[in-house]
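Note that the coordinates shown come from a computational prediction; the quantities given were computed from them, not determined experimentally.
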Amino acid sequence: MVQRFCQPIHVTMSAVSPNVSNLPIQGKEASTRVSMSELDRLRHSCAHVMATAISRLWPDAQFAYGPPVENGFYYDLECSHRITPEDFPRIEEEMRKEIEADHPFERIEVTREQAMQDALRGRLGALQERPGQPSRYKLDLLQQIPEGEPITYYRNGDFIDLCAGPHVASTGRIGAFKLTSVASAYYKGDARNPQLQRIYGTAFPTREELERYFAMLEEAKKRDHRKLGQELGLFTLDPDYVGPGLPLWLPKGTVLCEEIEKLAKETEFRAGYLRVKTPHIAREKMYLTSGHLPYYADSMFPPMELGDEGEAGTAEGAPRVRYYLKAMNCPHHHRIFAAEPRSYRDLPLRLAEYGTCYRYEQSGELFGLMRVRCLNMNDAHIYCTPEQFAEEFNAVNQMYLEYFRIFGIERYVMRFSTHDPARLGEKYVNEPELWRQTEDMVRQVLKDSGIPYVEVPNEAAFYGPKIDVQVWSVIGREFTLATNQVDFAVPKRFGLVYRDRDNTDKTPLCIHRAPLGTHERFIGFLIEHYAGNFPLWLSPEQVRVLTVGDDPQARDYAASLVRELREHLVRVSADYEPVPIRAKIAAAEAAHVHTILVVGPRDRAAGQVSVRVHGKGNLGARPRAEVIADILAAIRERRP
RNA sequence: GCCAAUGUAGCUCAGUGGUAGAGCAACGGUUUCGUAAACCGUCGGUCGCCGGUUCGAAUCCGGCCAUUGGCUCCA
C-alpha cells in the first residue's frame with residue numbers, strides 16, 4: 001500500500017520491542033488505517049499549523065508530506081524562498097497567531113472530482129486558490145489514493161490540506177512547540193525525484209514537557225561518542241593527514257578494541273571456531289569471482305595497478321594487474337576453504353577473523369565512529385551442510401544473546417530481510433528453492449528462540465536472506481550493530497565443494513556473521529551506552545592509586561600496591577603529586593577511572609586501602625588483600 | 001553524491017570592517033594537603049584553505065576542503 005497524504009505511517013507490531021515503531025518503515029508495506037497516538041496527533045496538527053504559517057509568509061509554498069516522527073514532526077515543501085533557521089522566529093510567530101486563533105480542524109469529505117479541481121487550482125496545502133500554480137504534490141498524492149477510499153480535507157482557518165487526519169480538535173489545543181532544523185529530502189525518498197525542503201519541529205502538550213525534552217537532548221549531547229571519545233582520549237580523526245572516516249585509535253581506545261577482541265576470541269574458541277588471518281588486499285579476480293565487481297565498485301577504494309614494470313614474478317610487459325583493498329573478508333575466507341579438499345566430516349567449518357576492511361562510504365554518510373571507511377570486523381564464516389544449517393544459525397543467535405547479556409543491551413530487535421520473488425535473477429540470485437528453504441529455516445529459528453524480530457521483505461543481500469541486529473543507544477540513537485547473513489550463491493561462484501557421504505561434490509551453505517559488528521561501530525555504541533563509564537574489565541584505566549600528602553612511607557606503600565596490581569595485569573596508574581587529594585580525586589573522576597584507591601599514612605598503618613569507585617563515591621577503607629582480590633574477580637568475571 | 005549549517009589556542013567558546021580574547025589544559029614557581037579542582041605567573045593562533053572587494057578582512061563576496069543536521073546509499 002502506498003503512503004498517503006501528509007499522514008504518517010505507523011505500524012503496530014506486537015511481540016517486539018516497544019521501540020520498533022522507530023524502524024524506518026516503508027510506506028508500501030504499512031497500513032494507513034492505524035490510529036495515531038495523542039501525542040502524534042498533536043504533532044501532526046502542529047505540522048499543519050507550521051504549513052499555515054509558511055503559506056502566509058511564502059504563498060507559493062508547495063507542500064508534500066507532513067507526518068509526525070519519533071521526536072516531533074516535519075513537513076516537506078517546495079518554496080522559492082530557501083528557509084533557514086533564521087526564519088524560524090518569524091514562522092513560529094505566525095504559528096502562535098494561528099494557535100491563538102484557535103481554529104477548529106474541520107474534516108471535509110470530498111469527491112475525487114472536487115479534490116482534483118481544487119488541486120489544479122492550487123487550493124490544497126494553501127490559504128487560497130493559486131491560479132496557474134496547481135498543488136502538484138497533493139495532486140500526485142491524490143492520484144495514489146485507491147478508488148473507493150474516502151478523500152478528506154482538513155481545514156484550519158483558511159488553510160486547507162489534503163489529509164487523512166486525524167488532528168486535535170482545534171489549533172488552540174496544540175501546546176508548546178518549537179522548530180528545530182532544516183534539511184533536504186527527496187520527494188518520496190527517491191533520489192530521482194526533486195529535492196524538497198524539510199522543516200523539522202517538535203511539540204508537546206505543555207511547556208514543561210518541551211523544556212524537559214530539550215534538557216534531555218543536552219544530556220544526550222554529553223554522551224555523544226564523538227565528544228566522549230575525544231575527552232577520554234579514545235580515538236581521533238585526522239581528515240587532513242589520514243583521511244576522512246579513518247579513525248586513529250589512541251592507547252585508551254585500543255584497550256577497548258583489544259578487550260572486546262579478547263572476549264570474541266574466547267567466545268568463538270568455545271564455540272568451535274578456528275582463527276585465520278588474511279591480507280588487506282586482493283586481486284581484481286577475487287571480486288570479479290565473488291560478484292562484488294563491478295556492481296559495488298563505487299563502495300570500494302579505487303584499485304592499485306601494478307604491471308608493465310614487472311611485478312615480482314611476472315614477465316616484462318605482462319598485463320597490468322589490479323589490486324583492491326578488501327571491502328569484506330568473505331572472499332579471502334572462501335579461498336581458505338578452497339585451499340584444501342574438504343569432506344563432509346570437516347563441516348561445519350567455522351573460520352573467524354577480526355578482519356580489517358575498507359569501504360569508500362559516501363562523504364555525506366561518514367559519522368564519527370559509527371560510519372567509517374576503515375572497519376575492523378568481528379567476522380566469521382561458517383561453512384555447513386543444509387542439514388547443519390538450522391543448528392549453526394541458532395548457535396550464532398545464542399551468541400548474540402550472550403553478548404547482549406554481557407553488555408547489558410536490553411533494547412534490540414532483529415531485522416530479518418527476505419527476498420522478493422519478483423526480482424529473482426535481477427536483485428537476487430535466481431535460486432528460488434534455496435531462498436524458500438533458507439528463509440523458512442531462519443524464520444523457524446527466530447520463532448523457536450523467542451528473539452524479537454521483524455520481517456522486512458525485499459531487503460535481503462543479493463546472495464541470501466540476512467538478519468541485521470538493531471540496538472538503541474541510551475540517547476535514543478538507533479544502530480545496526482551486527483549482521484548475520486546466509487549465503488548460498490557465492491560459495492558456488494568460487495566453486496567451493498565438499499565431498500559428501502555419497503562420494504559426490506556438493507556446495508556448502510555459508511553463514512556470514514559478525515555479532516560484535518565492527519570495533520568502530522560497537523565501541524561508538526558502547527561509549528554512548530555506558531556514557532563513558534565502562535565496566536571494570538573494559539576500562540582503559542582500571543585503577544589509579546592516589547597518595548595523600550607527601551609521606552614517603554605512604555608513597556612506598558602505594559608503589560607496592562601498583563606493582564602488585566600490575567603483576568596481575570591490571571591497568572593501573574599512580575598519582576603521587578604533592579597536591580591536595582581533592583584535586584587528584586577530581587582529575588581521576590574526570591578521566592572516568594573506574595576504581596580509585598586512596599592511600600595515606602592511616603591506610604598504610606592499618607594495611608588497608610580506601611576504595612572509591614567512579615560514580616559511586618567513597619566506599620571506605622578495606623584490607624588490602626581483600627580489595628585486590630575483589631578487583632581481580634570483577635575483571636575475570638567481566639562483571640557489568 | 002545531494003540540500004543546508006558550521007569551521008577562531010590542545011579543549012569549550014567570545015569577538016558585526018581598524019593591533020586576536022577568556023576559562024580549562026600545558027609549562028614554571030609557591031602551597032604539604034584525607035575523597036570532584038589551592039595561589040601566582042608564563043607559553044600558546046597563517047582566525048579551515050585559496051582567491052576577490054577594501055586604505056584596511058576573523059568579520060563582506062566567491063570557490064574548495066572538512067565536520068555536522070537531514071536525504072540517498074549501505075555486499
Side-chain angles (χ1 to χ4, degrees), chain A residues 24 69 74 76 78 82-86 180-200 221 224 226-227 230-231 233 236-241 243-245 287 290-293 295-300 326-331 357 359-368 371 375 377 417 427 429 459-464 466 468 480 483 485 487 489-490 512 521 546-551 554 577-591 593 596-603 610-621:
Chain A
V69 288
Y74 67 78
D76 283 349
E78 191 177 79
R82 171 68 58 188
I83 296 174
T84 72
E86 286 175 20
T180 51
S181 62
V182 294
S184 89
Y186 297 107
Y187 180 54
K188 292 180 184 167
D190 188 328
R192 289 167 301 193
N193 285 335
Q195 275 199 319
L196 304 175
Q197 302 187 52
R198 175 171 292 182
I199 316 295
Y200 280 94
K221 261 193 214 166
D224 190 295
R226 293 163 295 183
K227 184 177 163 68
Q230 116 113 324
E231 285 172 5
T236 190
L237 289 161
D238 185 358
D240 282 350
Y241 281 81
Y287 303 107
S290 70
H292 290 107
L293 282 176
Y295 304 107
Y296 300 105
D298 283 353
S299 301
M300 296 175 73
K326 68 176 172 185
M328 65 293 295
N329 301 305
C330 15
C357 298
R359 299 185 182 182
Y360 195 76
E361 302 288 358
Q362 295 182 55
S363 57
E365 266 308 321
L366 301 176
F367 173 66
R371 195 71 186 266
L375 26 127
M377 212 187 299
S417 300
K427 187 176 174 186
V429 171
E459 284 197 17
F462 77 97
Y463 48 65
K466 67 171 180 175
D468 290 316
T480 301
T483 183
Q485 307 179 344
D487 183 344
V490 182
H512 306 237
R521 195 171 284 187
L546 313 183
T547 47
V548 182
D550 202 14
D551 174 47
E577 287 302 306
V579 298
I581 190 67
R582 293 165 58 81
K584 295 203 273 191
I585 298 263
E589 291 282 3
V593 174
I596 298 167
L597 299 180
V598 176
V599 295
R602 291 208 300 261
D603 303 289
S610 296
V611 181
R612 185 185 172 102
V613 170
H614 181 65
K616 292 186 183 160
N618 186 1
L619 303 180

Rounded to the nearest 0.5 Å, what separates atom CD1 in Ile585(A) from atom CZ in Arg612(A)?
5.0 Å
dist Gln485(A):CD -> Phe462(A):CZ (nearest 0.5 Å) comes out at 10.0 Å
Using the P atoms only, state how far G70(B) lies from G56(B), rounded to an integer number of Å.
43 Å
Between U35(B) and U30(B), how far apart are the P atoms? Round to whole Å, please.
26 Å
Roughly, in whole Å, what's the span from CG in Asp298(A) to C1' in C73(B)?
10 Å
Taking a pair as Watson-Crick or G-U wobble with both distances under 3.5 Å, which nucleotide is matched to A22(B)?
U12(B)
Using the rule salt bridge (Lys or Arg N to Asp or Glu O under 4.0 Å), only one of Arg226(A), Lys227(A), Lys221(A) pairs with Asp224(A); which is it?
Arg226(A)
Distance in Å, Lys616(A) NZ paired with His614(A) NE2, rounded so as to fall on 0.5 Å steps
11.0 Å
Separation of A66(B) atom P from Leu237(A) atom CG, nearest Å, is 13 Å
Atom CE of Met300(A) to atom P of C74(B): distance rounded to whole Å?
16 Å
Can a donor-acceptor pair be found, under 3.5 Å and without considering hydrogens, that links the side chain of Lys466(A) to the backbone of Thr483(A)?
no
Does Arg359(A) make a side-chain N or O approach to OP1 or OP2 of A75(B) shorter than 4.0 Å?
no
Is Glu361(A) reaching over with its side chain to a backbone N or O of Arg371(A), donor-acceptor style, under 3.5 angstrom?
no
Who does U46(B) pair with, Watson-Crick or G-U, both distances under 3.5 Å?
none
Determine whether a donor-acceptor pair (one donor, one acceptor, N or O, separation below 3.5 Å) exists between the side chain of Arg371(A) and the base of C74(B).
yes
Which base, if any, makes a Watson-Crick or G-U wobble pair with U59(B), both distances under 3.5 Å?
none
I need the CZ-C1' distance between Arg226(A) and C11(B), as an integer number of Å.
16 Å
Atom CE of Met377(A) and atom SG of Cys330(A): how far apart are they, to the nearest 0.5 Å?
7.5 Å
Separation of the C1' atoms in G29(B) and U67(B), to the nearest angstrom
41 Å
Interatomic distance, Met377(A) CE vs C74(B) P [rounded to whole Å]
16 Å
In the strands shown, is C33(B) matched to any nucleotide by a Watson-Crick or G-U wobble pair with both distances under 3.5 Å, and which?
none
Relative to each other, are the rings of Tyr463(A) and His512(A) parallel, tilted or perpendicular (30° and 60° limits)?
parallel
The nucleotide from U68(B), C71(B), A75(B) with an atom nearest the side chain of Phe367(A) is U68(B)
Kindly give the atom pairs (protein nitrogen or oxygen, nucleotide nitrogen or oxygen) under 3.5 Å for nucleotides 23-30 of chain B.
none

Taking only the P atom of each, what is the distance from A22(B) to C65(B) in whole angstrom?
35 Å
For Gln485(A), answer base if it contacts any base atom (sugar-phosphate contacts may also be present), sugar-phosphate if it contacts only those atoms, and nothing otherwise; contact means non-hydrogen atoms under 4.0 Å.
sugar-phosphate
Categorize Val490(A) for me: base, sugar-phosphate, or nothing, with a 4.0 angstrom heavy-atom threshold over every strand shown.
nothing
In this structure, how many angstroms lie between the P atom of C73(B) and the CD atom of Gln362(A), rounded?
9 Å
If you draw a 6.0 Å radius around OH in Tyr360(A), do more than 12 non-hydrogen atoms from other residues or ligands fall strictly inside?
no
Review item, nucleotides 35-37 of chain B N/O atoms under 3.5 Å of protein N/O:
unit_1, atom_1, unit_2, atom_2, d
U35(B), O2', Arg612(A), NH1, 2.9
U35(B), O2, Arg612(A), NH1, 3.2
U35(B), O4, Ser610(A), OG, 3.0
A36(B), N7, Arg612(A), NH2, 3.1
A36(B), N6, Glu589(A), OE1, 3.2
A37(B), OP1, Arg582(A), NH2, 2.5

Working note: Thr84(A) + Val182(A), criterion side chain to side chain contact (heavy atoms under 4.5 Å, CB included); need CA distance, chi angles, decisive distance, verdict.
CA-CA 7 Å; Thr84(A) 72; Val182(A) 294; 5.7 Å; no
Taken to the nearest 0.5 Å, the spacing of Ser184(A) OG from Arg82(A) CZ works out to 7.5 Å
Heavy-atom nearest nucleotide on RNA chain B for Phe462(A) versus Tyr360(A): which residue maps closer to 5'?
Tyr360(A)
For G23(B) versus A9(B), give the span between their C1' atoms, rounded off to a whole number of Å.
12 Å
Say you pick atom P in G21(B) and the same atom in U46(B); how far apart are they, in whole Å?
15 Å
Is Thr180(A) reaching over with its side chain to a backbone N or O of Tyr200(A), donor-acceptor style, under 3.5 angstrom?
yes
On a whole-Å scale, what distance lies between the C1' atoms belonging to A38(B) and U19(B)?
36 Å
Over all strands shown, is Gly368(A) touching base, sugar-phosphate only, or nothing at heavy-atom distances under 4.0 angstrom?
sugar-phosphate
Rounded to the nearest Å, what distance is computed from the CG atom of residue Asp238(A) to the C1' atom of nucleotide U67(B)?
13 Å
Give the rounded distance in Å between these two atoms: CG of Leu366(A) and P of U68(B).
8 Å
If pairing means Watson-Crick or G-U wobble with both distances under 3.5 Å, then the partner of U54(B) is none
Comparing Arg521(A) with Ser181(A), nearest RNA chain B nucleotide closer to 5' gives the residue Ser181(A)
Might you list the N or O atoms of the protein lying below 3.5 Å from N or O atoms in nucleotides 2-10 of chain B, with each pair's distance?
unit_1, atom_1, unit_2, atom_2, d
C2(B), O2', Gln195(A), OE1, 2.4
C2(B), O2', Gln195(A), NE2, 2.9
C2(B), O2, Gln195(A), NE2, 3.1
C3(B), O4', Gln195(A), OE1, 2.9
C3(B), O2', Arg82(A), NH1, 3.0

Both distances below 3.5 Å, Watson-Crick or wobble geometry, any strand: find the nucleotide opposite U68(B).
A4(B)
Watson-Crick or G-U wobble partner of G28(B), both distances under 3.5 Å
C40(B)
Checking the side chain of Arg198(A) only, and the main-chain atoms of Ala183(A) only, is there a donor and an acceptor separated by less than 3.5 Å?
no
In whole angstrom, give me the gap between the C1' atoms of G10(B) and C43(B).
13 Å
Taken to the nearest 0.5 Å, the spacing of Gln362(A) CD from Asp298(A) CG works out to 8.5 Å
